[in-house]
Structure formats: C-alpha cells, structure tokens
Amino acid sequence: MLEKILETKRLEIANLMLSEQVIVPTFSLYEALKEPNRSIGLIAEVKKASPSKGIICEQFEPISIAKGYQEGGADAISVLTDEMYFQGHRDYLSAIKKEVSLPVMRKDFIIDKKQIDETVRIGADAMLLIVGTVPIDQLKELYEYAYSLGLECLVEVHAKEELVELLTTFTPKIIGVNNRNLKTFETTLTQTEEMAKLIPEGSLFVSESGIHHTSDLDRVKKVGAAGVLVGESLMRASSPEAGIAALFGGESVATSS
Ligand SMILES: O=C(O)c1ccccc1NCC(=O)[C@H](O)[C@H](O)COP(=O)(O)O
C-alpha cells in the first residue's frame, strides 16, 4: 500500500504548484505534548476516509470537527491532506488553522522539499515524516529543512529496525510509533510497548493508530508515551467532544491556577 501511495505522491510532486502563503499564528506541537491538558497528550485527527476502512465519516465537516476537538480539550490537531487515499485536502488544513488555537499537523506522505514548502504555505505548524519512504539520509535532510523553516516534525516508524536505523542517523524531538501494519492494516499496541524501550529520554514519543478505549490509553501511558494520535474512534463518535470524553473516561482537563 505504502509503495502505491508513494507512486501517486511522485506524480503529484511533479505537478505541484505552490499556493499563496496563509498568514496564521503558530503553535508548537512539542510544547503542547510536553505539557498536555490531561495525563497524556492527544493529537486528534480530522480523517474522512482511509485505505483500511473506506469512508469513516459521511457527514464530513472538517472545521466543525476541529473546533469540537479544541472544545473537547485536544492538545493538537492532525489533518489528513492526501486526496487520493484519504479524501483529505490541503485547504481543510488552512481553513482549520484560521479557526483553532492549537498546533495543527499536516498528515501526508512528505518525500520532497517542495512538499515542505507547500506545508509552510498552507499554514501548518508541524508535519509527518515516515521512516522508509525515502532513504534515511534524505529523511534527515527533509527533517532539517522543515525545522529551518519553523516546521516541527513527527517522525514515524512502523518497525523496530526502522527505529534503530533512525536513531543511528539522527534523534528527532518527536517520534511516532505507528501501531498499524501497512501490509495487513492490523493494529496492535504491542508495537508501542516493544519500541518504547528504545526511545531516547530526550525525545517525546507518540503512539499512533488503533487507539479506541481508555484501557488503550492506559497501556501506552504505562510505557511512557507522551501522547496518542487518534483518528477513527473520534471520527465515529456522536460528536468530537463526546469521543474525547469517552476516550479519557471522564478525566478532566487541567486548569491553570
Ligand atoms: O489509516 C489507514 O488505513 C492508513 C493506511 C495506510 C497508511 C496510513 C494509514 N493511516 C494513517 C495513520 O497513521 C492514521 O490515520 C492515524 O495514526 C490515526 O489512526 P486511527 O486512530 O487508527 O484512525
């Protein structure tokens, strides 16, 4: 699946036209995850569809979903911008950035500096980089290029070997362990549990995908995750706020005194 998506991305990059710069305030994903609203940080994802589940949300209203996430106490928002496989759009991200005061991450398949320029133009605070999509030295270059433009990166791994390769090349400030196997689409939190031991102390780590229940949060919290990235279970809830409340089992949001 990943190879098919990357093939599409290469074609898109060849035809990519940069849009006008969106002027919006910036927010740090790292800082938001370092001091989360609850006992573990939440990156709530705006996700209409996916290769594994097809359409997840029929009545898809990205701005109102994002506002609901903010209202429900999410620490950051992830927006899928891939059109072909996730029915996302870069315009959703720009529109959301204008309406919420949270860090907004672009969730896409970034393999070229031109896409990073576009990510800045559309107003994102952060973006995803996936180990294995380009050679690791190139990934490091993309990471450094993004930070030089003020964009933070969540660097995602799907396997222990990828994490080892990543950490022998560079140490990202935010590392994501994706619990989804991209060949079978199965998710297992064992991924997070096994890889947690290898995450360096100085990096924040986020457990991604397949998180549906409070017990899932407890499992990843126990092994030191600073945050979770949750899409489907929140998108299927009766409202974004209700989805977050159910996931956190009634845990209240910290208020600053
Ligand atoms: O979600 C998919 O089917 C998928 C397929 C191929 C590549 C990536 C995919 N998902 C991207 C993600 O990592 C998730 O959207 C994100 O972690 C949230 O996952 P979930 O809570 O399980 O919706």
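All ligand and atom numbering here is 1-based and tracks the order in the structure.
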- Which atom pair, heavy atoms only, marks the closest approach of F109 to L6? CB-CD2, 4.2 Å
- Ligand-side contact atoms (ligand 1) for residue partner L229, heavy atom cut-off under 4.0 Å: 17 (O)
- Message: Check for me whether P51 has a heavy atom closer than 4.0 Å to any atom of ligand 1.
- Response: yes
- Query: Are V104 and F27 co-members of a hydrophobic cluster defined by side-chain heavy atoms under 4.5 Å apart?
  - Reply: no
- Query: Can you check whether L129's main-chain N or O pairs, donor with acceptor, with T133's side chain at less than 3.5 Å?
  - Reply: no
- Query: Does F86, backbone or side chain, put an N or O under 3.5 Å from an N or O of ligand 1?
  - Reply: no
- Query: Short N/O distance, under 3.5 Å, between G231 and ligand 1?
  - Reply: yes
- Query: What's the shortest distance from atom 17 (O) of ligand 1 to any protein heavy atom, and which residue and atom give it?
  - Reply: S209 OG, 2.7 Å
- Task: Between E45 and ligand 1, find which residue part has any heavy-atom pair under 4.0 Å and reply side chain, backbone, both or neither.
- Result: side chain
- Item | Heavy atoms of other groups near M1 CE, more than 12 under 6.0 Å | yes
- Note on the structure: Closest non-hydrogen atoms of K97 and D125, given as atom of the first, atom of the second and distance, are NZ-OD2, 2.8 Å
- Using atom types as modelled and distance alone, determine if a side-chain donor or acceptor of K114 lies under 3.5 Å from a backbone N or O of I13. yes
- Regarding N179 and S207, is there a side-chain donor-to-acceptor distance under 3.5 Å anywhere? yes
- Query: Which heavy-atom pair separates V131 from L139 by the least distance, and what is that distance?
  - Reply: CG2-CD2, 3.8 Å
- Run down the list R236, H212, K53, K47 and name the one with the heavy atom closest to atom 23 (O) of ligand 1. K47
- Query: So is I211 in contact with ligand 1, going by heavy-atom distances below 4.0 Å?
  - Reply: no
- Can you sort out which atoms of ligand 1 are near S52, meaning under 4.0 Å from one of its heavy atoms? 1 (O), 2 (C), 3 (O)
- Query: For atom 11 (C) of ligand 1, which candidate among K107, E232, K4 provides the closest heavy atom?
  - Reply: K107
- Message: Please report the interatomic distance CD(E152) to NZ(K173), rounded to the nearest 0.5 Å.
- Response: 6.5 Å
- Query: So, the side chain of D108 versus the backbone of D82: is there a donor-acceptor pair under 3.5 Å, distance only?
  - Reply: yes
- Item | L2 and ligand 1 - part of the residue with a heavy-atom distance under 4.0 Å | neither
- Item | Enumerated ligand 1 atoms positioned under 4.0 Å from heavy atoms of V230 | 21 (O)
- Item | Atoms of ligand 1 close to G210 [distance to a heavy atom under 4.0 angstrom, numbered from 1] | 20 (P), 21 (O), 22 (O)
- Message: Taking 4.0 angstrom as the limit and counting only heavy atoms of L182, give me the atoms of ligand 1 inside it, by number and element.
- Response: 6 (C), 7 (C), 8 (C)
- Check each heavy atom of Y85 against ligand 1 and say whether those closer than 4.0 Å belong to the side chain, the backbone, both or neither. neither
